[in-house]
Each structure stands twice: as structure tokens, then as C-alpha cells.
Number of protein chains: 2
Amino acid sequence: MSNITIKEIAKALGLSVSSISKALNDSYEISDETKKRVVEYAKLNNYRPNRLAKSLKGGQSNTIGIVVCSINNIFVSQILDGIQKASYETDYDIVIMQSNEDVNREKESIEALLKKGVDGILLAPVSENSNTEYLADVNENICPIVLFDRFNLSLKTTKIGVNESKGIMQALQHLIRIDRKKILFITGDQFGEENSRINSYKKALKTLDIPFNPKFMLSCNLGNNDLIDQQISESIKNLMKSSIKPNAIFGATDVITIRTLGILAQMKIKVPDEIAVIGFSNFDMPNSLNPSLSTIRQPTQEIGFLALKKLINLLATQQHKRRALHETILLDTSIELRKSTNL
Amino acid sequence: MSNITIKEIAKALGLSVSSISKALNDSYEISDETKKRVVEYAKLNNYRPNRLAKSLKGGQSNTIGIVVCSINNIFVSQILDGIQKASYETDYDIVIMQSNEDVNREKESIEALLKKGVDGILLAPVSENSNTEYLADVNENICPIVLFDRFNLSLKTTKIGVNESKGIMQALQHLIRIDRKKILFITGDQFGEENSRINSYKKALKTLDIPFNPKFMLSCNLGNNDLIDQQISESIKNLMKSSIKPNAIFGATDVITIRTLGILAQMKIKVPDEIAVIGFSNFDMPNSLNPSLSTIRQPTQEIGFLALKKLINLLATQQHKRRALHETILLDTSIELRKSTNL
DNA sequence: TTGTATGCGTTATCAC
DNA sequence: GTGATAACGCATACAA
């Protein structure tokens with residue numbers, strides 16, 4: 001309701017508005033004495049500069065918008081944490097939006113951010129080609145966008161992610177080492193049949209001379225957890241009855257990999273004896289899982305941290321020079337071996 | 001960089017700024033024809049109303065600020081999800097800040113929000129009496145604050161949380177039922193020795209005629225996971241060597257309870273045979289844990305949802321009438337039994 | 001060293 | 001049915 005303004009300070013102190021403004025901004029034009037008087041009065045009365053007004057005037061809001069699929073996701077929330085950490089070192093603050101894996105909502109989220117006047121956007125796209133022209137337009141004409149996690153390949157901008165091929169290779173090589181080549185690969189279906197993780201997987205198989213069997217790949221709908229469970233358990237049940245039983249499972253995401261453990265436990269399938277399990281996961285309590293989970297870990301904090309830093313960099317650069325700064329950074333994953341692949 | 005304004009539309013269409021504004025706001029003063037012309041032009045040119053300006057003019061930002069300890073926390077992120085869901089049904093959007101369990105940062109976060117001109121604040125306080133006078137001042141004079149999860153008891157406002165006593169009672173009664181009365185209670189130390197969860201626990205013990213043994217209570221520093229592990233495992237190790245071995249563990253938070261499972265697994269202590277485990281937890285994949293975890297589940301989504309709704313309600317009410325709306329809502333927890341307490 | 005005037009994008013009041 | 005103008009809070013170019 002209240003919140004004192006510069007104008008009121010001016011009236012109270014018998015000075016002009018502009019003098020107050022200058023005093024508060026420590027301008028050389030104002031005498032030390034006046035400054036002191038103003039600053040003291042301001043502090044005493046809890047003066048809070050109105051950022052809306054400042055932004056409106058200055059043409060920049062010092063706010064970064066972020067769009068992720070869902071806050072409520074281990075992987076995402078770790079990245080957000082990294083972004084927040086990076087933001088502490090800057091003057092920028094953060095507004096988070098959720099796309100809920102929905103292309104339209106992704107666009108709505110960005111629109112909301114633009115109306116708020118964000119200076120730049122950090123986006124983990126819903127899919128590899130969602131809103132392509134729209135994003136390009138925004139990135140060119142409104143404010144810079146930096147992509148992280150998933151890539152919208154055609155968008156010309158800075159991208160931060162992980163080296164999937166390498167991560168997948170790490171996992172597969174380990175499975176080969178423990179002689180588990182009949183691998184069921186479980187992934188999400190958001191990205192169509194030809195997403196980069198699937199492609200990397202196939203390529204890795206080829207490199208390692210493991211034939212790709214379509215029956216050993218399951219794409220499930222990540223939008224609904226019950227559905228995930230259902231799809232996975234059904235698939236496993238069928239495969240275990242078939243002549244070519246899998247002896248390993250490789251999960252493409254956190255949720256998939258961890259849920260798979262639960263399903264196997266309920267089906268009383270022994271891990272790793274009957275089926276070894278490994279997958280991308282950033283759950284920070286892997287030892288509490290049944291059994292402790294071998295994972296391909298992604299440097300989430302670093303992804304978030306870097307993404308913000310790079311965006312800030314772009315913002316500090318004149319628009320026409322930004323293109324030169326565009327880069328794609330693929331961070332290395334690390335493999336952590338635990339009981340789920342330990343014979 | 002660009003982003004067309006009302007002024008530019010006016011110039012392009014040979015109309016006045018005010019007419020454009022009215023047309024865009026569907027005012028009855030403007031002819032349908034003109035409206036159509038304006039709206040079409042606006043859409044065509046991706047006109048985005050500048051919310052900063054609107055807020056500055058209107059004196060309200062339609063933004064709600066949220067302060068939580070950490071986004072990167074299962075419990076918190078579920079609540080945030082609930083808040084976001086609730087916000088979809090309103091015109092408000094959300095800005096999230098992290099206090100990182102730090103009283104000063106909590107205050108800084110709120111200051112940042114106030115500078116941004118938020119209309120109201122949703123706060124999960126760092127502790128039961130952090131920033132009391134400050135919060136009271138803000139709540140009285142600047143914008144309403146609604147508390148959730150943890151309570152700052154002295155602040156007169158709406159509070160949304162869970163019925164801890166009842167939840168703890170559920171857990172203890174179950175432990176009694178399976179004849180596990182030698183219970184190690186593990187909690188956080190943020191709130192001092194006399195926080196409400198500890199008090200509720202002691203009271204429940206008394207009601208159930210279980211003597212309270214100070215040796216069977218561990219308060220650990222939730223700020224650092226390695227430290228948590230160290231404190232818990234040391235404590236368990238010592239107790240298992242002593243004459244009065246515990247046969248159950250009750251964890252006060254998500255992190256504590258799940259980490260305890262991991263520690264027990266590594267110590268090769270059998271759950272539930274040697275030690276049963278139950279605790280507050282909202283991890284949504286309890287079946288993947290070792291063993292599947294019995295939990296006291298808190299209705300996180302609902303907490304968030306309600307908190308936002310109640311705040312919106314306050315905002316829709318004249319300030320001097322708000323006091324009448326203040327209420328404290330304690331939602332019921334539910335107990336979910338799984339193997340970790342199943343003999 | 002201080003004050004005046006102007007504008008950021010929008011809406012509301014009042015006049016035409 | 002439309003337009004001119006002031007105001008929201010702040011910063012800045014310019015005047016004094």
C-alpha cells in the first residue's frame with residue numbers, strides 16, 4: 001500500500017525529485033552533505049526503488065525468463081538451482097515458467113515473459129523443433145534466447161547440453177564389459193521416433209557391433225507417470241516371456257530409470273542378476289534405491305550455471321555482434337557404477 | 001529490441017494513442033470497425049502490451065512473489081507445482097526466490113520482490129521466528145503475506161500447512177502396532193531444539209506412553225548432505241553398539257528419511273528386520289527405494305494450491321477487511337505402508 | 001550544486 | 001466516436 005517514492009522524499013526534504021534521484025544514485029553532481037541527508041532519510045523510511053519504473057525508463061528489466069517443462073522434476077530443479085546460483089553473481093533476477101511438455105504452453109510462457117519485458121530467455125524446448133519460426137523471430141527481433149538441455153537444432157543461438165553420444169557410449173561399454181548385450185532401451189516419445197538420444201543410441205550400438213532390435217526399444221509417454229509404469233511393466237512382462245529375454249535395461253531419463261527399478265522390484269525380477277539397470281539419472285540419493293543405481297550423471301548445476309552466464313554475455317554485447325558469440329557447448333557426463341550393474 | 005507500442009500503432013493507423021488503447025481494451029466508446037482495424041493491425045504486428053507500463057500505471061503488478069528455502073527439493077518443488085497450477089486459473093504470475101535456509105537471504109529475497117512490485121507474497125519461512133517484525137511490517141503496510149509449510153507463529157496472517165501431530169501420531173501408532181517402540185527420531189536442527197515438529201513428537205510419545213529418551217533423537221544440519229550422512233551413520237553406528245539398540249527410525253523430512261535408507265543399506269542393516277523405517281516423505285517413486293518406503297505423505301500440491309488461492313482472496317479484499325479472512329489451515333497427512341515397516 | 005522538463009508505455013479523465 | 005492530456009516512479013539532458 002504505502003512504499004515511499006522519490007517524490008515524497010523530495011517533498012519531505014525540500015529538494016527536487018531529480019536531486020533525490022541523483023543523490024540516491026551517488027551522482028557526482030550532488031554534495032556529500034545532501035547525499036547523506038537523502039540516503040539517511042531514504043533508509044529510515046524504507047525507500048525501495050520501484051523497479052517497474054526503472055525498467056520502463058531504462059528500457060531493460062534486468063530480468064531473465066526461464067522456460068522448463070516442469071519444475072517438479074529432479075533433473076530440471078537441479079538445473080534451476082545452477083541458474084539461480086549463477087544469478088546471485090549478477091544483477092539479474094529470474095522468472096520461471098513451465099511448459100508442461102506442451103508446445104502451445106511453451107509459446108504462451110514466452111509471450112508472458114516478453115510482456116514482462118525480460119531481457120533474455122533461457123529455454124529447454126519441449127521438443128527438437130517446437131515453435132521454430134517463432135523462436136527465431138523472438139531471438140532475432142526481441143531478445144536473445146539461450147537453449148539448454150534439449151536443442152532446437154535450427155535455432156541459431158548458444159546451446160548448452162551434454163554429450164549424449166559419449167554418455168550413452170559409457171553406459172553401453174560398461175554393459176558389454178559385464179556381458180549384457182541384450183539391452184532394452186526405454187526412452188520418451190516426446191521427440192518423435194527420430195530424436196537425438198535415440199539416434200545417438202543407435203549409432204553407439206552400431207559402433208559397438210550390437211545389432212539393433214526394434215523390439216528392444218520402448219518409447220513411453222512421459223506426461224503421465226501411471227502410464228509410464230504401465231507401459232514399462234507390460235513391455236518387460238512380454239519380453240521376459242519371449243524367446244529373447246533382455247538382460248539389461250538402459251533408461252534415457254531420470255524418471256524412466258528410477259521407475260523401472262520400482263517395477264522390477266514389484267515383479268520380483270532380480271537386479272542385476274536377471275536384469276542389469278543403468279541410465280541417465282541425477283537423483284542425488286542413488287544409494288537409497290533398490291538396488292543402488294548405476295547412472296550416467298549429467299552436470300546439471302553446471303548446465304544451468306553456464307546457460308545463464310552465456311546469456312548474460314550475450315546481453316552485454318551489441319546485438320549485431322551476438323552472432324559471433326553463438327556456441328554449442330556439450331558437457332561431459334560421468335558414469336557412476338553401483339550395484340544395479342554390478343554382478 | 002523492437003516490440004511495437006500503442007504509439008506506433010496510432011501513428012500507422014492515423015489514430016490517437018488513447019483510441020488505440022481503448023480499442024485494444026474493447027471499450028464501448030470505440031466503433032466496431034475501428035476496433036477491428038486496430039486489433040487486426042496489432043495481431044499482425046505482434047503487439048504485446050507492456051506489463052511494466054501497465055503495472056506502473058495501474059499500481060499493481062499482477063505478480064505474486066514466492067520465497068522457499070530451495071527449489072531443488074522434492075517437497076518444495078511439489079508445492080511450487082501446486083502453486084503454478086493454481087496460478088493458471090488466475091491472471092497472476094509467479095516469481096520464485098530461494099532463501100537457502102538463510103534468514104538474511106530470506107529478507108533480501110522479499111526485498112527484491114517488493115522492488116519488483118509484487119502484489120502479494122507466499123513464504124515458507126526459514127524458521128519459526130525469522131524476520132518477525134520485518135514480516136509483520138511488510139504484511140501490514142506493503143503487501144499481504146501468506147505462510148505455508150513452516151509457520152512463523154506470531155505473524156497474523158493466513159497459514160497453510162499440515163497437521164503434524166496427526167501425521168506423527170499415525171506413524172508412531174503404526175510402529176507400536178508392529179511392536180517397534182525403540183524409535184530413533186531424526187530431525188533437522190534449523191529450528192532450534194524446540195521446534196514444532198519435535199514438540200509434536202514428544203507429545204505424541206507421551207500420549208502413547210512411550211518414554212522419551214534424548215539419546216534416541218538426532219538433530220542434523222540439513223544444509224549439507226554429506227554432513228547429514230555422516231551424522232546419521234555415526235549416530236546409528238553408536239546406537240547399534242549400545243545396550244539399547246533402536247528397532248525403528250522415524251525421519252522428519254524427505255531427505256532425512258531417504259538418505260537413512262541408503263545409509264542402512266550400506267551398513268548392511270536389514271530393513272525392516274533389524275530396523276523399521278518410516279518418515280515424512282513425498283518422493284514419488286517410493287517403490288524404487290530399498291526397501292519400498294513407508295511414508296507419511298503430505299498433500300504438497302494442495303498446500304501450494306490453497307496457499308495461492310488464499311492469497312488471491314486476500315488481494316481481492318480491501319486491506320482493512322483482510323484480518324477477518326486470516327485463517328490457519330492444517331491439512332491431513334496420509335500414511336502409506338510399504339516394506340520398510342512390513343515385517 | 002541544484003532544479004526543470006521530458007519521456008518510457010499505458011490508462012483514465014475529460015473535452016471535442 | 002475520437003482525441004488531447006495527465007499521471008504512474010524514475011532517470012537524464014539541460015538550464016540555472
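The sequence lines fix the lettering, A, B, ..., with proteins before strands; numbering per chain opens at 1.
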May I have the distance from [X] (atom [atom1]) to [N] (atom [atom2]), rounded to whole angstrom?
{"X": "Ile20(B)", "N": "dG3(D)", "atom1": "CD1", "atom2": "P", "result": "8 Å"}
{"X": "Leu114(A)", "N": "dG9(C)", "atom1": "CG", "atom2": "P", "result": "15 Å"}
{"X": "Glu8(A)", "N": "dG9(D)", "atom1": "CD", "atom2": "P", "result": "8 Å"}
{"X": "Arg48(A)", "N": "dC10(D)", "atom1": "CZ", "atom2": "P", "result": "12 Å"}
{"X": "Lys7(B)", "N": "dT5(D)", "atom1": "NZ", "atom2": "P", "result": "14 Å"}
{"X": "Asn62(A)", "N": "dC10(D)", "atom1": "CG", "atom2": "C1'", "result": "14 Å"}
{"X": "Ile6(A)", "N": "dC8(D)", "atom1": "CD1", "atom2": "P", "result": "14 Å"}
{"X": "Asn25(B)", "N": "dT13(C)", "atom1": "CG", "atom2": "P", "result": "13 Å"}

Closest listed nucleotide, where the reference is the side chain of [X] and the choices are [options]:
{"X": "Thr5(B)", "options": "dC10(D), dT2(C), dG9(C)", "answer": "dG9(C)"}
{"X": "Glu29(A)", "options": "dT2(C), dA11(D), dT2(D)", "answer": "dT2(C)"}
{"X": "Pro49(B)", "options": "dT10(C), dC10(D), dT2(C)", "answer": "dT10(C)"}
{"X": "Asn50(B)", "options": "dG9(C), dT11(C), dA4(D)", "answer": "dG9(C)"}
{"X": "Lys57(B)", "options": "dC8(D), dG3(C), dC10(D)", "answer": "dC8(D)"}
{"X": "Lys22(A)", "options": "dC8(C), dC14(D), dG3(D)", "answer": "dC14(D)"}

Report the residue (Val17(B) or Ala53(A)) whose heavy-atom-nearest nucleotide on DNA chain C is the more 5′ of the two.
Ala53(A)
Looking for any heavy atom pair under 4.0 Å, which part of the strands does [X] touch: base, sugar-phosphate only, or nothing?
{"X": "Ser21(A)", "value": "base"}
{"X": "Leu52(A)", "value": "nothing"}
{"X": "Leu56(A)", "value": "base"}

Quick one: does any side-chain atom of Thr34(B) pair with a main-chain N or O of Ile30(B) as donor and acceptor, under 3.5 Å?
no
Test for a donor-acceptor pair under 3.5 Å between the base of dT10(C) and the side chain of Lys54(B), counting only N and O atoms.
no
Would you kindly check whether a donor in the side chain of Ser18(A) faces an acceptor in the base of dA11(D), or vice versa, at under 3.5 angstrom?
no
First of Gly58(B) and Gly14(B) reached from the 5' end of DNA chain D, by closest nucleotide
Gly14(B)
Salt-bridged, [X] to [Y], with N to O below 4.0 Å?
{"X": "Lys309(A)", "Y": "Glu89(A)", "value": "yes"}
{"X": "Arg37(A)", "Y": "Asp32(A)", "value": "no"}
{"X": "Lys85(A)", "Y": "Glu302(A)", "value": "no"}
{"X": "Glu111(A)", "Y": "Arg48(B)", "value": "yes"}

Under 4.0 angstrom between [X] side-chain N/O and [N] OP1 or OP2:
{"X": "Ser31(A)", "N": "dT2(C)", "result": "yes"}
{"X": "Tyr28(B)", "N": "dT2(D)", "result": "no"}
{"X": "Ser19(A)", "N": "dG3(C)", "result": "yes"}
{"X": "Thr34(B)", "N": "dT2(D)", "result": "yes"}

What verdict does the side-chain hydrogen bond (donor to acceptor under 3.5 Å, both in side chains) test give for Glu106(B) and Tyr134(B), after you've listed the backbone C-alpha separation in whole Å, the side-chain angles of each residue and the deciding distance to 0.1 Å?
CA-CA 11 Å; Glu106(B) 173 174 294; Tyr134(B) 173 71; over 6 Å; no
